[in-house]
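One structure is given here, and the rest of the page talks about it.
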2 protein chains.
Amino acid sequence: MSDLLERLRERGWRLTAQRRVVAEVLDGEHVHLTADEVHARAIERLPEISRATVYNTLGEMVGIGEVIEVATDGRAKRYDPNAHRPHQHLVCSRCGTIRDVHPHGDPLASLPAEERFGFAVADVEVTYRGLCPDCARAAA
Amino acid sequence: MSDLLERLRERGWRLTAQRRVVAEVLDGEHVHLTADEVHARAIERLPEISRATVYNTLGEMVGIGEVIEVATDGRAKRYDPNAHRPHQHLVCSRCGTIRDVHPHGDPLASLPAEERFGFAVADVEVTYRGLCPDCARAAA
DNA sequence: TCTTGACTTGGACAAAGTCCATTGTAGGAT
DNA sequence: ATCCTACAATGGACTTTGTCCAAGTCAAGA
């Protein structure tokens, strides 16, 4: 059983076939998938799983902090199972590929109190953009 | 006439009433509006303006770099007329409101070479998230 | 003022996501 | 082992956000 599923069970969640499949799909991919991509891969293992269940399950996992929701553009959100370790994203501005990266320092610290405007700042998201090696070569 | 409109005219664009109104609405707000919010405000000044025209005009302004498109969540994109000055965004995780902020330091510097994986990193986007004062009050 | 090609319009369409009444079932109780 | 029942899954309607297009309109140069 995947670590993710194990953690869900420890939280008292029912282990249904649907949740198992969604967790396995997420854990099994190196790239960050959209909800519909998760659904497509889940269907290969459990043909009757519904779109609503995939959305529900992803939303629940995000809600308890096991999975991170990433919206890098106006298109579909992507789901990142590496929530256990703080990291940021490096996105290719041409092909959209996402890599996890681990920069130095705490980016939250760079926002001084007088720039917080009364917000209770809880989190910071950092997205680096540039051309990936493949696209740089193709563009040359 | 707003600076934005002036710059559009210099690029050879036809100055229609619709484009004028969209530019005025964008320039006149301190927050970053969604396309539909721009449309709603535009209608107050020019009742027959269509949704398609607002989307077209915003897209054109983004295309030439006069306006920045901000997709901070899976909801509607927001449009930021302050393209001339580098800044980051502070987003309410409940209602989606956006404020411009100006943190200390250069966030690009925090990504060391060995974490760039051959990418030609050109830009970094920083989004702080938290509850805005209004939503914090509503949630209490 | 006339002409013309760029601009606008409204409605159909599409993608992404939410909602809800109904049906099914995991897992504790017996 | 089986029964219960609260929690979960289903699927289809609905909403939001955005795109597309054929037809009509108009800004601005000749």
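Just so it is clear: chains get the letters A, B, ... in the order the sequence lines come, proteins before strands, and each one is counted from 1.
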*side chain to side chain donor-acceptor pair (under 3.5 Å) partners of B:D123, counting only residues at least two apart*: none

Please set out all donor-acceptor pairs under 3.5 angstrom arising from side-chain atoms of residues 107-114 of chain A, sequence neighbours excluded.
| unit_1 | atom_1 | unit_2 | atom_2 | d |
| --- | --- | --- | --- | --- |
| A:S110 | OG | A:P107 | O | 2.6 |
| A:S110 | OG | B:Y128 | OH | 2.9 |

*Of all residues at least two apart in sequence or in a different chain, which pass the salt bridge (Lys or Arg N to Asp or Glu O under 4.0 Å) check with A:R99?*
none

_Going by the rule ring-ring contact (aromatic ring centres under 6.0 Å, His included), which residues pair with B:H87 if we only count those two or more places apart in sequence or in a different chain?_
B:H89

_Just to verify, what does A:H39 make a ring-ring contact (aromatic ring centres under 6.0 Å, His included) with, not counting sequence neighbours?_
none

Using a cutoff of under 3.5 Å, can you pull out all pairs of nitrogen or oxygen atoms linking the protein to nucleotides 16-22 of chain D, with atom names and distances?
| unit_1 | atom_1 | unit_2 | atom_2 | d |
| --- | --- | --- | --- | --- |
| D:dG18 | OP1 | B:K77 | N | 2.9 |
| D:dG18 | OP2 | B:Y55 | OH | 3.1 |
| D:dG18 | N7 | B:R51 | NH1 | 3.4 |
| D:dG18 | N7 | B:R51 | NH2 | 2.9 |
| D:dG18 | O6 | B:R51 | NH2 | 3.2 |
| D:dT19 | O4 | B:R51 | NH2 | 3.4 |

_Residue list, side chain to side chain donor-acceptor pair (under 3.5 Å) with B:R45, at least two apart or on another chain_ = B:E24

*Not counting sequence neighbours, which residues clear side chain to side chain donor-acceptor pair (under 3.5 Å) with B:E115? List them please.*
none

Each nucleotide N or O in nucleotides 25-30 of chain D that has a protein N or O under 3.5 Å away: list the pair and distance.
| unit_1 | atom_1 | unit_2 | atom_2 | d |
| --- | --- | --- | --- | --- |
| D:dA28 | OP1 | B:L15 | N | 3.1 |

*Residue list, side chain to side chain donor-acceptor pair (under 3.5 Å) with B:T97, at least two apart or on another chain*: none

*Taking atom types as modelled, find out whether B:D100 and B:H32 have a side-chain donor-acceptor pair closer than 3.5 angstrom.*
yes

*Take atom CG of A:L8 and atom P of D:dA8, then tell me their distance rounded to the nearest Å.*
11 Å

_Span of DNA chain C, from the first to the last nucleotide whose atoms fall under 4.0 Å of chain B heavy atoms_ = C:dG5 to C:dG10

*Quick one: A:L46 CG to D:dT10 C1', roughly how many Å, whole number?*
12 Å

*Which residues pass the salt bridge (Lys or Arg N to Asp or Glu O under 4.0 Å) test with B:D36, sequence neighbours left out?*
B:R51

